[in-house]
Number of protein chains: 2
Amino acid sequence: MSKSSSITIKDVAQSAGCGVATASRVLNNSGPASADVRERVERAARELGFSFSSIGRALQSRRSMTVGCLVPSLANPVFAEAVQGVQAELLGSGYQMLISCSNYDGAADEAAIEMLLSKETDALVATMVAPDRSPTLRLAQKRGIPILLMFHDPLDGFITSYVDNFDAAKVVARQFADLGHRRTAFLALRFTTSDRSRNRYAGFHSECRARGLPDPALIEIGEAEANQPDRLAAILAQHPKLTAIFASNDFLAIAVQKAARLLGWRVPQDLSVVGFDGIEVGRLLEKPLATIETSPEAMGRQAARSLLNLLQGGPSIQPPALPFAFRAGATLALPNPEKGDDGRGATQPPSDLPAEPQAQTRMNR
Amino acid sequence: MSKSSSITIKDVAQSAGCGVATASRVLNNSGPASADVRERVERAARELGFSFSSIGRALQSRRSMTVGCLVPSLANPVFAEAVQGVQAELLGSGYQMLISCSNYDGAADEAAIEMLLSKETDALVATMVAPDRSPTLRLAQKRGIPILLMFHDPLDGFITSYVDNFDAAKVVARQFADLGHRRTAFLALRFTTSDRSRNRYAGFHSECRARGLPDPALIEIGEAEANQPDRLAAILAQHPKLTAIFASNDFLAIAVQKAARLLGWRVPQDLSVVGFDGIEVGRLLEKPLATIETSPEAMGRQAARSLLNLLQGGPSIQPPALPFAFRAGATLALPNPEKGDDGRGATQPPSDLPAEPQAQTRMNR
DNA sequence: TTGTATGCGTTATCAG
DNA sequence: CTGATAACGCATACAA
């Protein structure tokens with residue numbers, strides 16, 4: 001058990017027989033030093049096992065070399081992967097990441113940002129319940145701290161790394177419409193606390209309107225329903241005429257299928273299901289999940305790059321939305337004619353389209 | 001745009017017309033102060049929007065109030081959930097979490113710990129490639145920094161939060177054996193860099209031996225094979241006599257089923273599959289996945305609690321292994337008599353056991 | 001009860 | 001080229 005309690009630059013200087021300023025210059029290559037003293041300092045540092053105190057440094061340089069990261073939850077792989085992307089991109093930049101989760105709670109968001117700020121992070125990357133109404137975020141902004149949003153649509157003074165949920169949802173609506181689906185629904189897990197969910201519904205709704213189709217139903221559920229197939233089934237049972245459902249994320253889409261099975265509904269014959277996110281496991285399923293494919297990791301990486309750029313004093317430029325792609329799957333098919341109440345469109349899908357939607361339909365931007 | 005650049009306690013003291021020491025005492029409730037000055041200081045702090053600089057504090061108190069966290073990857077939900085657990089438990093303790101990922105690379109592990117150490121984290125919680133052979137971790141230990149391992153088996157001077165992989169794997173072996181499986185295999189994704197994987201194989205192997213069954217095959221694969229069903233299928237095809245396979249994690253178990261389908265093998269009729277981890281989505285599948293259920297979040301929570309305890313100067317006590325449970329599923333059944341080369345045992349499973357394994361078989365410890 | 005002075009580890013300044 | 005010294009923001013002994 002060596003004494004080991006921190007070796008400071010003062011110790012090094014003393015051991016090398018020079019002043020601390022000289023030692024600092026040598027160790028940082030930040031100024032002149034004779035070959036002689038340079039040698040002595042380096043040897044002393046090596047022998048003493050010296051390493052800089054980032055706290056001392058932070059105090060003097062006014063930069064903590066950390067970035068704060070706030071996401072709703074790491075239990076959701078989408079956010080976990082985004083954080084992973086941020087982390088990966090930050091690696092080697094000298095910046096470390098301080099992380100915090102809100103559990104989709106707006107008040108926790110505020111507390112977390114406040115905490116991060118009090119830790120004097122040099123920058124922030126966040127996904128929040130309501131970034132547009134966060135006083136703490138505004139405060140951070142006023143302080144001149146670089147801020148990057150993830151998953152959110154572009155917002156006034158902030159840069160954001162995102163996928164165009166509205167557009168993506170329109171693509172799903174188009175898929176449904178092209179197959180002849182008329183009775184559709186959007187199944188939302190956290191509608192009130194997720195602008196992603198809201199934007200997806202908006203885009204879905206908008207495209208249905210534009211095509212003269214009935215408005216899609218909005219089915220909001222909570223955690224409990226999402227995790228208990230029987231409860232979810234009970235909810236689905238209230239919408240017997242549905243022929244297609246757009247779930248606000250892939251896990252939900254998988255849960256819907258479970259619930260449908262409980263009701264004796266076949267997927268996709270009785271009910272088409274499309275998810276969102278494009279999680280990897282979706283393609284491994286017996287019935288590969290049709291979904292919108294995105295890359296949370298790329299999002300995190302882009303966010304981190306923008307952040308580093310800002311940190312270096314670069315200009316504040318909003319990059320374009322990240323690409324997404326419709327991924328075809330076995331959970332999407334023509335509507336069941338027996339299920340519809342009117343049957344219009346169902347019996348006569350546009351003949352210029354294949355029954356099975358093609359893969360990798362499109363990339364936006 | 002107010003000037004806003006940080007308000008220090010000096011500003012507060014000046015505004016309140018008192019010395020910094022007094023202001024510090026008031027704001028920290030750490031000493032005497034007249035009601036009068038107390039009032040003035042508090043008002044000044046409020047009006048100026050003062051908040052402590054944790055850097056200044058850290059420098060003076062020699063504690064950064066951060067804990068470093070190192071995991072292989074956040075893209076693996078098991079680790080992400082564990083981190084989430086750590087985070088959740090740390091919430092409100094005043095400690096913040098600095099996070100780092102190694103991508104299952106031992107060298108990156110060293111670099112990450114070094115980085116964390118240089119950031120002067122007050123404690124460490126980590127899952128590494130080889131914690132037993134990490135010089136940097138030893139160094140941290142020597143410095144007296146509280147260290148908590150996650151997922152690893154108990155190790156010399158460290159406390160660890162873990163599930164007994166060896167025991168859990170034995171349970172899987174028992175399930176296979178009870179059904180009459182003789183030709184089994186362990187499918188390992190990262191055998192060389194994961195002691196979890198190795199311990200699972202060891203337990204599986206050990207139990208097979210103990211029962212006088214043939215040694216299970218060890219099939220090691222890489223990322224590429226795991227992600228490409230056709231390549232995985234090619235590998236599976238080399239083991240045509242297998243009747244049951246134990247995958248080192250649930251995703252792999254799902255991938256195996258995909259590969260099996262590609263080969264025309266039915267699950268579970270031609271091949272039984274059991275996974276590990278107990279990811280939520282496993283129960284929602286058309287064929288619910290048989291697996292060992294664990295709770296990474298609980299692991300993270302336990303680790304954080306132990307850490308906080310250590311940080312408060314508490315004694316270093318190794319808690320017992322966390323519980324696990326075998327989760328029955330539709331991917332496990334009797335072996336196909338036509339597949340075996342000898343058929344012994346397959347045609348005559350123990351008659352005192354139901355064909356369908358019972359749910360929630362057991363909890364250990 | 002209060003304020004002054006000191007030190008925590010670092011770097012920048014500035015005089016030698 | 002070198003080395004005292006003054007910040008940086010805070011808490012704490014110690015003196016008043």
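Numbers restart at 1 for each chain; the letters A, B, ... are given by sequence-line order, proteins then strands.
Toward the 5′ end of DNA chain C lies the nearest nucleotide of B/Ala23, the other residue of the pair A/Thr8 and B/Ala23 mapping further downstream. If you find the closest nucleotide of DNA chain D to A/Val20 and to A/Val37, the one lying nearer the 5' end belongs to A/Val37. With DNA chain C read from its 5' end, the first of the two nearest nucleotides for B/Ala21 and A/Asn28 is the one closest to B/Ala21.
For A/Leu59 and C/dA12, the CG to C1' distance is 14 Å, given to the nearest whole Å. Rounding to whole angstrom units, CG of residue B/Leu27 and P of C/dG3 are separated by 14 Å. Rounded to an integer number of Å, the gap from B/Phe52 CZ to D/dG9 P is 14 Å. The CD1-P distance, from A/Ile7 to C/dG9, rounds to 10 Å in whole Å. Taking atom CG of residue A/Asn29 and atom P of nucleotide D/dC1, one finds them 13 Å apart after rounding to whole Å. Going from atom CZ of B/Arg40 over to atom P of C/dT2 covers 8 Å, rounded to whole Å. Between A/Arg57 atom CZ and D/dA7 atom C1' there is a gap of 17 Å when expressed in whole angstrom units. In this structure, B/Asp36 atom CG and C/dG3 atom P are separated by 10 Å, rounded to whole Å.
Residue B/Ser34 places at least one side-chain N or O closer than 4.0 Å to OP1 or OP2 of C/dT2. Contact check, B/Ser24 against D/dA11: a side-chain N or O comes under 4.0 Å of OP1 or OP2. At C/dT2, none of the side-chain N or O atoms of B/Arg25 fall inside 4.0 Å of OP1 or OP2 (strictly under the cut-off). For the OP1/OP2 pair of D/dG9 and a distance below 4.0 Å, the side-chain nitrogens and oxygens of B/Ser6 include at least one atom meeting the criterion.
For B/Gln60, whose side chain is taken as the heavy atoms from C-beta onward, the closest listed nucleotide among C/dT10, D/dG9, C/dT2 is D/dG9.
Residue A/Thr22 is in base contact, counting any heavy-atom pair closer than 4.0 Å across all strands shown. A/Gly19 comes within 4.0 angstrom of sugar-phosphate atoms only, judged by non-hydrogen atoms across all strands, and of no base. Within 4.0 Å of A/Ala33, counting heavy atoms only, lie sugar-phosphate atoms of the nucleic acid but no base atom.
The side chain to side chain contact (heavy atoms under 4.5 Å, CB included) test with A/His152 is passed by exactly one of A/Asn199, A/Asp132, A/Thr127: A/Thr127.
For B/Glu42 and B/Arg46, the salt-bridge test fails: no basic side-chain N is under 4.0 Å from an acidic carboxylate O. Using a cutoff of 4.0 Å between basic side-chain nitrogens and carboxylate oxygens, A/Glu223 and A/Arg190 are scored as salt-bridged.
For B/Ala112, the side-chain contact (heavy atoms from CB on, under 4.5 Å) test picks out B/Leu70, B/Ser100, with sequence neighbours left out. The salt bridge (Lys or Arg N to Asp or Glu O under 4.0 Å) check on A/Arg198 picks up nothing, with sequence neighbours excluded.
At a cut-off of 3.5 angstrom, counting only N and O atoms as typed in the model, there is no donor on one side facing an acceptor on the other between the side-chain of B/Arg62 and the base of C/dG7.
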